Trainee: 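Once you've had a glance at the structure underneath, I'll fire off some questions.
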Amino acid sequence: MSNLDELQNRLLTGLTEPQQKAVRHTDGPLLVIAGPGSGKTRVITRRAAYLARTVASPWNILAITFTNKAASEMRERIEALGASRGMTVATFHALGAKLLRVHGERVGLSSDFTIFDRDDRRKVLKEAIEVAGYSTTNFSPANTERFISNLKNQLLTVTDFAARGGGFRERSLSKIYMVYEDLLRKQNALDFDDLLMRVALLLAEDEELRVQLEDRYRYVLIDEYQDTNEAQYRIAAFLTRERQNICATGDPDQSIYGWRGANIENILSFERDYPDATVVRLEQNYRSTKNILGVADALISHNKQRKVKSLWTENDEGPRVTVFEREDANEEANAVAEKISAYLEEGGSPREVAIFYRTNAMSRALEESLLKTGIRYQVARGLEFYARKEIKDVLGYLRVLVNPADEVALMRIINTPARGIGQTTVDRILQRAVQEGRKLIEIIMSEGDFSFLKRAAKKVTEFRDLLLSLKESLELPPGDALTRIVRESGLEAMYKGERTPDRDPLENIEELVNAAVEFQRDNPNAGIIEWLEHTALISDVDGVEDSASCVTLMTLHAAKGLEFPVVFIVGLEDGILPFEREFADSSDVSDFEEERRLLFVGITRAMKQLTLSYVKYRMRMGKSQRAARSRFLSELPHADVEWEGDGVANSGGVPFDINGELPADIAFWEVGSIVEHPVMGLGCVVGFHRGHRNTRVEVQFKSGERKPFILEFAPLTRRDYDEFE
DNA sequence: AATATTCCCGTTTTT
DNA sequence: CGGGAATATT
């Protein structure tokens with residue numbers, strides 16, 4: 001047997017028939033529909049290694065993952081399989097940034113562009129709204145941001161959108177979009193969506209480059225294909241146009257980023273896009289117990305817009321899935337902490353345990369309880385670290401030094417630490433810049449006469465000298481450069497004075513320096529620009545340590561692709577999961593089904609033990625509000641679920657104790673009450689507003705209809721919770 | 001110019 | 001509840 005045969009065998013051992021089929025497939029389009037826990041990652045890594053040992057060099061392979069963490073894990077696993085280095089494994093965004101650094105000059109982009117994060121973007125947008133002549137009360141930066149982001153994900157440029165015309169709103173937004181793009185261009189900056197849109201447009205317009213790239217990346221693998229948006233879809237298609245060597249893997253039931261422009265149709269219509277496609281279905285689950293998988297399957301079966309898929313496992317039955325109710329979030333968190341405590345006492349390890357929730361804000365109560373109970377934990381929140389003031393300050397200096405046109409960063413550091421350059425002075429410089437048609441930084445760095453700045457002239461000169469001096473540090477490796485910048489800029493001295501017992505900014509800065517040193521060690525050829533890029537593209541789960549001996553907390557979105565033996569999912573309440581915006585009257589069915597998929601993703605992360613919980617009162621907007629048990633809970637099969645607690649056993653937690661007639665005292669009516677209407681049938685109170693003269697309720701009926709009523713006059717009768725099933 | 005205070009708004013999920 | 005911005009004070 002030759003070495004090659006032996007190796008090929010090694011890459012196929014332990015795989016099922018369909019898994020082997022996927023690994024052995026080399027040329028032509030391949031779609032792998034992979035249910036949760038079906039060994040998808042194993043198949044992808046083996047296939048990448050297989051390609052690299054048979055038909056291509058690692059250099060010719062491009063693998064796209066959803067997070068940086070997934071990328072580095074995949075890279076490691078592929079290398080462990082004996083495929084040599086040199087494969088490109090990255091997220092779409094990282095790939096986009098890389099391509100634009102090298103080829104961006106073809107579309108007038110200089111290679112030292114800055115990537116604006118959400119904060120920066122908001123600031124620019126706010127300015128754009130004002131410059132365009134509108135008020136941020138009519139066009140909120142948050143909404144406008146989403147709008148423009150969606151346009152970019154659909155590959156609609158300013159020109160495309162302006163050409164569409166439309167009413168006042170569309171035309172105003174088009175104007176704002178135009179100013180926004182202009183401000184970005186002037187600052188030599190791109191936002192997240194540009195990293196995709198620019199590449200897609202570049203590939204569409206520049207056939208020479210497209211051919212060159214396709215020749216390089218002969219085999220393209222894309223994971224989590226169900227969560228690709230139009231821009232990503234087009235990039236993938238352009239890169240594989242001639243050879244059609246595209247391998248898409250994913251699961252329509254795990255599509256949870258529709259709100260971000262992801263189009264589930266991309267995976268559903270793969271076979272139409274690529275008529276020659278080979279399709280492999282991986283339906284056997286190796287991760288979860290029968291109970292957990294049964295619950296997941298029952299839940300997802302309620303989705304109407306879905307291709308039915310059978311999930312099965314040969315694993316043990318396992319313990320039943322547990323559901324419990326508590327009064328409020330604190331008690332819920334205490335209960336979770338207690339249960340974890342008990343698990344640890346039985347010899348379990350904290351790293352086996354994860355807690356998932358719908359919104360980041362919900363981590364707080366959990367953190368407090370874990371802290372109190374003495375359980376070590378980590379929270380998946382990569383972005384939060386880089387959003388800290390002190391971190392943004394340090395990175396601000398770096399950004400200005402790398403890209404002097406970056407005015408968002410410049411405005412941040414010009415008077416941080418305070419150096420006597422206040423608003424008045426900045427305004428004067430700004431005015432001068434406009435007069436002379438130059439950039440802010442050009443005025444500051446010019447040798448010219450600063451006398452127009454009056455008293456502050458000296459300060460500005462000093463600032464200029466500081467920047468000139470710091471510029472030299474860019475020649476140093478990132479870690480050393482940072483250390484020097486922190487000291488010379490005066491940030492170190494400033495933050496030394498801000499130390500308090502519960503907050504130490506310098507410690508965070510130190511951590512940043514360490515991160516830079518680590519990056520430098522892992523990427524010896526990378527410079528400051530690459531490191532800045534790295535910090536801009538970091539994701540929430542990227543900071544999660546698999547080896548750390550602690551419980552992991554994260555949002556359900558961040559949990560995608562991971563697995564844990566013991567999983568808790570908290571906050572199963574209507575309004576939270578499924579999430580509902582307040583007073584959004586038309587709840588889109590597809591949004592609703594996406595919420596169900598989100599819970600499905602959460603449930604299927606669990607290997608052995610799954611616990612779900614909900615509370616009667618949840619804090620929202622600083623107020624405690626009555627919450628109703630999530631309707632998803634009633635979709636779970638009774639036999640596989642154990643309802644904890646005596647009083648609420650089997651009933652699943654009755655939120656009140658009065659049945660039957662309309663109570664004289666309407667104080668007993670609240671969100672979550674079950675009601676019956678003589679014509680409409682059974683329904684659930686989803687909105688409740690007590691006015692001076694009457695009480696208005698909004699009822700969601702089983703039929704799907706939703707209607708408002710005035711409680712005092714409506715023919716509504718209270719019913720028991722169970723009757724709603 | 002810098003700091004202290006108040007008030008008001010939005011209020012999911014993230015590369 | 002918490003961040004940011006507008007306002008008041010030193």
Side-chain angles (χ1 to χ4, degrees), chain A residues 64-71 90-97 115-119 121-123 126 136-137 140-143 145-146 149 152-153 190-197 224 227-229 231-232 255-262 329 356-365 380-384 386-389 415-427 454-456 459 494 533-542 554-560 571 575-584 591 594-595 597-599 601-602 618-625:
Chain A
I64 294 173
T65 58
F66 202 70
T67 63
N68 297 301
K69 182 168 185 271
T91 63
F92 266 112
H93 287 86
L95 174 75
I115 299 167
F116 274 2
D117 68 14
R118 203 160 134 218
D119 259 22
R121 193 174 174 162
R122 286 269 166 94
K123 279 184 186 142
K126 206 177 150 249
T136 48
T137 36
S140 86
N143 285 340
E145 180 186 15
R146 269 221 315 278
S149 175
K152 289 190 174 186
N153 286 328
L190 298 181
D191 64 25
F192 285 127
D193 304 312
D194 285 328
L195 296 176
L196 306 177
M197 180 172 80
E224 309 285 9
D227 278 322
T228 50
N229 61 32
Q232 293 166 326
S255 161
I256 54 175
Y257 283 95
W259 52 274
R260 203 172 80 181
F356 305 148
Y357 35 78
R358 179 62 232 263
T359 70
N360 281 305
M362 292 164 76
S363 77
R364 238 188 62 194
R381 248 188 322 212
L383 298 134
E384 197 161 89
Y386 287 95
R388 291 196 170 124
K389 184 180 172 299
N415 202 29
T416 311
R419 52 172 66 88
I421 306 179
Q423 197 55 57
T424 325
T425 308
V426 172
D427 285 345
K454 312 271 163 51
R455 270 189 320 211
K459 315 276 189 192
M494 170 181 140
E533 184 177 301
H534 170 79
T535 64
L537 297 180
I538 209 129
S539 77
D540 268 347
V541 282
D542 289 345
M554 63 179 78
T555 62
L556 284 158
H557 282 91
K560 186 164 80 159
I576 300 287
L577 188 64
F579 194 87
E580 228 173 326
R581 284 183 73 162
E582 222 157 343
F583 298 114
D591 285 353
E594 183 158 308
E595 294 292 309
R597 290 195 293 268
L598 190 55
L599 179 56
V601 167
R618 171 87 49 196
M619 292 285 270
R620 253 184 116 156
M621 306 166 225
K623 283 260 179 235
S624 172
Q625 293 211 319

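Quick caveat, the model's predicted, so the values are computed rather than measured. Chain letters run A, B, ... following the sequence lines, proteins first, then strands; residues in each count from 1.
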Trainee: Strictly below 4.0 Å: does Ser539(A) bring a side-chain N or O up to OP1 or OP2 of dT15(B)?
Mentor: yes
Trainee: side-chain hydrogen bond (donor to acceptor under 3.5 Å, both in side chains) with Thr136(A): which residues, sequence neighbours excluded?
Mentor: none
Trainee: Between Asn360(A) and dT12(B), does any side-chain N or O lie under 4.0 Å from OP1 or OP2?
Mentor: no
Trainee: Considering residues at least two apart in sequence or located in another chain, which fulfil the side-chain hydrogen bond (donor to acceptor under 3.5 Å, both in side chains) criterion with Arg146(A)?
Mentor: none
Trainee: Under the rule for ring-ring contact (aromatic ring centres under 6.0 Å, His included), what residues qualify as partners of Tyr357(A), not counting sequence neighbours?
Mentor: none
Trainee: Assign Asp193(A) to base, sugar-phosphate, or nothing according to its heavy-atom contacts below 4.0 angstrom with the strands shown.
Mentor: nothing
Trainee: Quick check on dA2(B): is either OP1 or OP2 less than 4.0 Å from any side-chain nitrogen or oxygen of Asn415(A)?
Mentor: yes
Trainee: Looking for any heavy atom pair under 4.0 Å, which part of the strands does Thr424(A) touch: base, sugar-phosphate only, or nothing?
Mentor: sugar-phosphate
Trainee: Please name all residues satisfying side-chain hydrogen bond (donor to acceptor under 3.5 Å, both in side chains) with Asp193(A), sequence neighbours left out, ordered by chain then number.
Mentor: Arg121(A), Ser149(A)
Trainee: Regarding Arg381(A) and the six-membered ring of Tyr386(A), is the cationic atom NZ or CZ under 6.0 Å from the ring centre and inside 45° of its axis?
Mentor: no
Trainee: Could you pull out all residues at least two apart from Phe92(A) that satisfy ring-ring contact (aromatic ring centres under 6.0 Å, His included)?
Mentor: none
Trainee: Applying ring-ring contact (aromatic ring centres under 6.0 Å, His included), can you list everything that pairs with His93(A), at least two apart in sequence or on another chain?
Mentor: none
Trainee: Between atom CD1 in Ile538(A) and atom P in dT15(B), what is the gap in whole Å?
Mentor: 10 Å
Trainee: CG of Asp427(A) versus C1' of dA1(B): gap in Å, rounded?
Mentor: 13 Å
Trainee: Considering only nitrogen or oxygen atoms on both sides, find all protein atoms under 3.5 Å from nucleotides 1-5 of chain C and state each distance.
Mentor:
unit_1, atom_1, unit_2, atom_2, d
dC1(C), O3', Arg364(A), NH1, 3.4
dG2(C), OP1, Arg364(A), NH1, 2.5

Trainee: Between dT13(B) and dG4(C), how far apart are the two P atoms, rounded to whole Å?
Mentor: 16 Å
Trainee: Where the side chain of Thr555(A) is concerned, which of dT13(B), dT11(B), dT15(B) is the nearest nucleotide?
Mentor: dT13(B)
Trainee: Classify the nucleic acid contact of Phe92(A) as base, sugar-phosphate or nothing, counting any heavy atom under 4.0 Å across all strands shown.
Mentor: nothing
Trainee: Met362(A) has an atom CE; how far is it from atom P of dT13(B), in whole Å?
Mentor: 10 Å
Trainee: Would you call Phe579(A) stacked on dT13(B), i.e. ring centres under 5.5 Å apart with the planes less than 30° off parallel?
Mentor: no
Trainee: Grab the N/O contacts between the protein and nucleotides 8-10 of chain C below 3.5 Å, and write none if there aren't any.
Mentor:
none

Trainee: What residues form a side-chain hydrogen bond (donor to acceptor under 3.5 Å, both in side chains) with Arg419(A), not counting sequence neighbours?
Mentor: Tyr397(A)
Trainee: Could you pick out which residue, Thr425(A) or Phe66(A), lies toward the 5' side of DNA chain B when each is mapped onto its nearest nucleotide?
Mentor: Thr425(A)
Trainee: Parallel, tilted or perpendicular: which describes the rings of Trp259(A) and His557(A), with under 30° parallel and over 60° perpendicular?
Mentor: perpendicular
